[in-house]
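A short write-up of the structure that comes next.
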Amino acid sequence: MSIKDKFPITLYNTLSKQKEQFEPINEKHVGMYVCGPTVYSDVHLGNVRTFMSFDVIYRYLMYLGYKVRYVRNITDVGHLENDADEGEDKIAKKARLEQLEPMEIVQHYTNGFHDVLKQFNLLPPSIEPSATGHIMEQIEMVQALLEKGLAYEVNGSVYFDVSKYDKSYNYGKLSGRKIEELMESGRMLDSQDEKRNKIDFAIWKKASPAHIMRWNSPWGEGFPGWHLECTVMSTKYLGETFDIHGGGMDLVFPHHECEIAQSVGTTGKEPVKYWLHSNMLTVNGQKMSKSLGNSFLPHELFAGTHKLLDRGYGPMVVRFFMLQSHYSSTLDFSNDALTAAEKGYKRLMEGYKIANGLEFVEGTVDTELETNVKATIDSLFENMSQDFNTAKALAVLFEMTTTMNNFKAGNIKTGLLSKETFDTFIKHYTGFITEVLGLKEEKGEDNQLVDGVMDLLIKLRNDAKAAKNYTVTDKIRDDLKTLGVSLKDGKEGTEYSID
RNA sequence: GGCGCUGUGGCCGAGUGGCUAGGCAGAGGUCUGCAAAACCUUCUACAGCGGUUCGAAUCCGCUCAGCGCCUCCA
């Protein structure tokens with residue numbers, strides 16, 4: 001029995017509004033699409049949280065043995081700032097402000113996006129397609145929708161006819177909206193005269209003379225609608241129906257709702273089996289967002305330069321912090337929470353180091369311990385398979401950390417476990433920390449010199465200690481502490497750690 | 001206004017009706033020259049009111065508080 005069959009995944013599907021057992025369309029392969037960023041400004045930590053959530057899902061699926069094709073797009077077409085015709089496109093606006101080519105803006109922020117995700121140790125997706133690279137396919141889909149009679153052209157723009165679509169299908173099923181309510185609800189913006197109904201959305205937009213990003217189409221020069229790119233690219237790389245579609249909660253309506261409409265309208269098929277949405281990162285209970293002005297940029301966090309921070313925190317501490325909550329819950333960002341997370345993270349990583357250094361010594365197996373350890377390993381998988389509950393998985397890892405500490409302290413002999421169980425224990429303990437949760441040691445490259453110097457200092461200090469010269473021993477320890485190096489006297493000698 | 005979500009101990013944060021979440025902080029102890037780390041033990045809960053149930057943090061209703069989406073948003 002393979003691991004994935006032993007620990008079947010259940011996940012909360014936004015479409016059905018309940019937990020379902022995960023059964024991929026093809027037994028061993030999983031197709032997953034996640035809506036990526038619009039690259040017209042720096043990603044903030046709220047954005048990072050979403051991509052991190054799906055990074056862990058991606059990692060766990062692979063850990064269970066699935067072959068995953070993970071597609072995450074880059075939105076590099078400048079979409080309008082609002083639904084009105086006169087809205088300026090965001091990338092063009094930025095280009096004008098910074099006096100750059102729109103594609104320079106796109107490249108700059110795409111690079112920045114990649115750098116940030118790399119710092120947080122996110123794996124790159126299997127395919128990262130861009131909207132501008134798929135203009136032809138988008139035009140084709142617009143044509144297909146026109147042919148089906150689900151779209152109409154007005155003055156060089158093409159709109160999706162939501163009411164007509166809703167007669168045959170069900171618009172609003174993902175977000176729980178009713179078309180009548182959407183029709184009468186409050187906002188009526190200007191310049192909607194081209195649309196037959198206010199809820200219709202543009203799938204192709206005519207470019208005004210000032211609009212820089214533009215392409216030729218059967219309807220004149222223009223650019224594709226925002227929702228279209230995701231439908232086109234997910235279909236192209238994952239097929240007309242695929243397993244998982246993810247994104248932030250705030251994309252459920254209208255973005256994902258429109259994606260479904262476009263897919264169903266074009267192919268007649270349900271595009272996605274499981275819709276997953278990660279919740280918002282909040283600051284003082286409010287959604288972190290650029291427009292509210294409460295967003296944290298990664299470099300402000302690392303350096304501690306943000307006005308709400310007392311000091312800086314490393315990317316792995318933040319990763320740990322985010323994993324302590326469930327992806328579908330809001331998570332509040334604060335100094336205190338980060339400080340607590342930092343200590344917890346260090347404790348876990350100490351356990352990780354111990355696990356890597358443990359040696360198995362044959363002994364008499366304690367059946368009770370053996371059983372407990374096996375159950376703990378299972379619960380690690382069970383919790384993670386429960387809608388990717390990283391918080392619970394971490395709780396189990398901390399239980400295991402206690403055992404690691406006991407191994408190290410000699411309170412528990414490794415030989416109380418069978419060799420097989422011991423190896424499995426170490427394998428999954430370290431595997432979950434690094435491969436599934438994507439945590440790693442914050443620092444640690446080229447420590448050779450530091451190691452050598454520290455060994456020397458520790459030796460000198462131990463000599464002084466043997467001579468009971470505590471003035472010297474304490475001076476070494478205290479001065480190192482001010483430099484950010486802690487000494488720990490254990491039974492088997494002194495170790496150091498860099499704070 | 002419409003639709004939806006949340007409210008857990010000093011803080012953060014899991015919780016699939018009955019069994020210790022976990023992390024941080026606090027208290028006591030073991031170890032140590034002292035400390036740190038580690039280990040052992042331990043104290044603080046389920047917004048309020050009512051209901052269903054043998055039993056509710058968990059289900060239902062109401063009240064209060066906060067939030068999200070309905071416009072670009074992860």
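Computed from a prediction, not measured in an experiment: that's the story for all the values here. Just so it is clear: chains get the letters A, B, ... in the order the sequence lines come, proteins before strands, and each one is counted from 1.
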Across the strands shown, which category fits A:D474 at heavy-atom distances under 4.0 angstrom: base, sugar-phosphate, nothing? base

OP1 or OP2 of B:rA14 sitting under 4.0 Å from any side-chain N/O of A:S329? yes

Interatomic distance where CZ belongs to A:F320 and C1' belongs to B:rG22 [whole Å]: 9 Å

Which part of the nucleic acid does A:Y470 contact within heavy-atom distance under 4.0 Å: base, sugar-phosphate only, or nothing? base

Using a heavy-atom cut-off of under 4.0 Å over every strand shown, decide if A:S278 touches base, sugar-phosphate, or nothing. nothing

Is any side-chain N or O of A:N389 closer than 4.0 Å to OP1 or OP2 of B:rG15? yes

By the 4.0 Å heavy-atom rule, please label A:G46 as base, sugar-phosphate, or nothing. base

Rounded to whole angstrom units, what separation is found between the CE atom of A:M280 and the C1' atom of B:rC67? 12 Å

Considering every strand and a 4.0 Å limit on heavy-atom distances, what is the contact class for A:A391: base, sugar-phosphate, or nothing? base

Below 4.0 angstrom from OP1 or OP2 of B:rG23, is there any side-chain N or O of A:K346? no

Which is true for A:D489 with a 4.0 Å heavy-atom rule: it touches a base, it touches only sugar-phosphate, or it touches nothing? base

Classify A:H44 by what it touches in the nucleic acid, base, sugar-phosphate, or nothing, heavy-atom distance under 4.0 Å. base

A:L292 CG to B:rC72 P, in whole Å, measures 16 Å

Between atom CD in A:E342 and atom P in B:rG23, what is the gap in whole Å? 17 Å

Short side-chain N/O contact to B:rG22 OP1/OP2 from A:R347, under 4.0 Å: no

Please determine if A:E128 and A:R72 form a salt bridge, counting it only when a charged side-chain N lies under 4.0 Å from a carboxylate O. yes

Under 4.0 Å between a side-chain N/O of A:K178 and OP1 or OP2 of B:rC3, yes or no? no

Scan A:R49 against the nucleic acid and name what it touches under 4.0 Å (heavy atoms): base, sugar-phosphate only, or nothing. nothing

Hey, does A:K468 reach any base, or is it just sugar-phosphate, or nothing, if we go heavy atoms under 4.0 Å? nothing

Quick one: do A:K481 and A:D474 make a salt bridge, cutoff under 4.0 Å? no

Across every strand shown, the nucleotide meeting Watson-Crick or G-U wobble geometry with B:rA21 (both distances under 3.5 Å) is none

Minimal non-hydrogen separation, A:N121 against A:G438, with atom names: ND2-O, 2.8 Å

When you match A:A395 and A:L331 each to their closest nucleotide on RNA chain B, which lands nearer the 5' end? A:L331

Touch class at under 4.0 angstrom, heavy-atom based, for A:T402 against every strand present: sugar-phosphate

Taking for each residue the nucleotide of RNA chain B with the nearest heavy atom, is it A:F398 or A:A409 whose nucleotide lies nearer the 5' end? A:F398

Look at all strands and tell whether A:L348 reaches a base, only sugar-phosphate, or nothing, counting heavy atoms closer than 4.0 Å. nothing

Would you say A:N405 places a side-chain N or O within less than 4.0 Å of OP1 or OP2 belonging to B:rC39? yes

Check ion pair A:R59-A:D55 (N to O, under 4.0 angstrom): yes

Just one of A:R347, A:R319, A:R311 clears the salt bridge (Lys or Arg N to Asp or Glu O under 4.0 Å) bar with A:E342, so which one? A:R311

